[in-house]
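Only one structure is covered here, and it is reproduced in the block below.
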Amino acid sequence: GQQVMQIPQYQHVQEGEDFTTYCNSSTTLSNIQWYKQRPGGHPVFLIQLVKSGEVKKQKRLTFQFGEAKKNSSLHITATQTTDVGTYFCAGDDFNKFYFGSGTKLNVKP
Amino acid sequence: DTEVTQTPKHLVMGMTNKKSLKCEQHMGHRAMYWYKQKAKKPPELMFVYSYEKLSINESVPSRFSPECPNSSLLNLHLHALQPEDSALYLCASGPQGPESPLHFGNGTRLTVT
């Protein structure tokens, strides 16, 4: 089956520093989605990338989809304490969404 | 807040019990999902229903039995579970077809004793 790996597993940053998480799939993806899960919460959809090389921005968040559609990244500029949580990518395999291993972000004020 | 409602929030059951988890959505989504999430792990796909028919079973043990009575409801029937089945069970829904974000419920925290 599809395998989606994320690095790093954990990231501790000082508030104001930047943060990046990387997602790599063993197979070509039709699209990739990103989710955020706060501690004690459920995954919340952030964005979906469909096109090869696509870049999307949401305020301080920048999402990229690789040219080969096998990798993706999420970059947060100037982190805030509200960014704390685990960020998951999810690869779509004909409506079977396989979640990456996740990156847990901790932001120190 | 979420538009996908899961009940109960917490459930403690013995290994000989039979219980059911319930999920409801009123967004008109035609795909519904059950995921299992262990602590510090990603959600793990269990079942997918598409237009009220089971389309995907990720080799889940038969002690978990899904049911989709109608397009808004999704149940997960539990019987003879093991302690290692203790986890957060998440229901999600999404519009059918490509580019379909998942909307998750708050989950049911299940403890098997």
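Below, chain A is the first sequence line, B the second, and so on; all start at residue 1.
Looking at B:Glu44 and B:Lys38, no side-chain N of the basic residue comes within less than 4.0 Å of a carboxylate O on the acidic one, giving no salt bridge.
Residues of residues 100-109 of chain A lying under 4.5 angstrom from chain B, judged on non-hydrogen atoms, are A:Gly100, A:Ser101 by number.
Heavy atoms of A:Gln37 lying under 4.5 Å from chain B belong exclusively to its side chain. In this structure, chain A has a heavy atom under 4.5 Å from the side chain of B:Leu90, while its backbone stays farther away.
Every residue meeting the side-chain hydrogen bond (donor to acceptor under 3.5 Å, both in side chains) condition with A:Gln6, not counting sequence neighbours, appears here in chain and number order: A:Thr21. Under the rule for a salt bridge (charged side-chain N to carboxylate O under 4.0 Å, His left out), B:Arg109 has no partner lying at least two apart in sequence or in another chain.
Under the side chain to side chain donor-acceptor pair (under 3.5 Å) test applied with B:His29, the options B:Ser71, B:Ser93, B:Ser72 reduce to a single match, B:Ser93.
Aromatic ring centres of B:Phe104 and B:Tyr35: separated by under 6.0 Å. A centroid separation of less than 6.0 Å is found between the aromatic rings of A:Tyr35 and A:Phe45.
Judged as a side chain to side chain donor-acceptor pair (under 3.5 Å), the pairs with a partner in residues 55-65 of chain A (not counting sequence neighbours) are, in order, A:Arg60-A:Asp83.
When each of B:Lys41, B:Lys40, B:Gln37 is checked for heavy-atom pairs under 4.5 Å with chain A, B:Gln37 comes out on top.
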